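The structure appears below as structure tokens.
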Amino acid sequence: GANTTVMQAVAAVASGAAKHVLIWRAFNERSGHRFGQPQDPGTTVGWNWYLPFGLDTPAKIYSLTFQRYMDRFGYTNEDFGHYTVVARDHAATIPAAWFYERPITIEDHQNSRWIVEPILRLLDCCQESDGGVAMILTTPERARDLPKPPVLVRAITDCQLIHGHVMFNYYQDDLARFEENYRA
């Protein structure tokens, strides 16, 4: 994930292996390839577990795990919808955000159309967009003379899938548990 990239860049600078590290990421998801469109058969091997079954979007893929979790612990889409409402409330306060000044209620959430019934509604899914981001990591001493004050990396953590592939993990005995969150 993104935090792994930052962690590796910090390590490179702290160890002296690099003076500066540029991290960048760009997406062309709205105007380019969008989830759910046919994919090149040359995609990573992990997709071979999902694409033959029509699981071609994160919403569909993660719904399998969420359905098991909901069944085991008695949660509903409305229960998860409260997170969506809070996240949208925060986005609605950011002037540059797509949803600026457009918070939602749990009723709005529950009235949005199903994407994967009974797991995910439209308002549970993220907005596909084009965009990019970049950051340069260096030491505080090198950043001292920059026009804006630097943001210091105080700590970073990482989590890897146990027996997983890319970002999907169906190798666990119980999909309702996310084993990576538990200590051995």
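As the structure is a computational prediction, the values presented were derived from the model and not from experiment.
Using a 4.5 Å heavy-atom threshold, the side chains of Thr93 and Asp89 count as separate. Here the side chains of Arg154 and Leu152 are in contact, with some heavy-atom distance below 4.5 Å. At a threshold of 4.5 Å between non-hydrogen side-chain atoms, the residues Lys19 and Thr138 do not count as touching. At least one side-chain heavy atom of Arg121 sits less than 4.5 Å from a side-chain heavy atom of Gln110. You'll find the side chain of Leu137 reaches within 4.5 Å of the side chain of Ile23, heavy atoms only.
Note: Thr139 OG1 to Arg142 CZ = 4.0 Å, rounded to the nearest 0.5 Å.
Linking ILVMFWY residues whenever their side-chain heavy atoms come closer than 4.5 Å, directly or via other members, places Phe80 and Leu120 in the same cluster.
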Stepwise side-chain contact (heavy atoms from CB on, under 4.5 Å) test for Val116 and Gln67: CA-CA 10 Å; Val116 180; Gln67 185 168 11; over 6 Å; no
side-chain contact (heavy atoms from CB on, under 4.5 Å) evaluation trace for Val85 with Thr105: CA-CA 6 Å; Val85 170; Thr105 65; 5.8 Å; no
Check against side-chain contact (heavy atoms from CB on, under 4.5 Å), Met7 and Val153: CA-CA 9 Å; Met7 185 172 65; Val153 177; over 6 Å; no
Glu78/Thr76 under side chain to side chain donor-acceptor pair (under 3.5 Å): CA gap, chis, key distance, verdict: CA-CA 5 Å; Glu78 183 175 355; Thr76 66; 5.2 Å; no
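The side chain to side chain contact (heavy atoms under 4.5 Å, CB included) with Asn77 is formed by just one residue from the set Asp124, Thr84, Ile119; it is Asp124.
Nearest heavy-atom pair, Cys125 versus Ile115, reported as atom, atom and distance to 0.1 Å: SG-CG1, 4.0 Å. The two residues Ser15 and Ala12 have their closest heavy-atom pair at OG-O, 3.2 Å.
In this structure, Tyr75 has its ring center no closer than 6.0 Å to that of Phe66.
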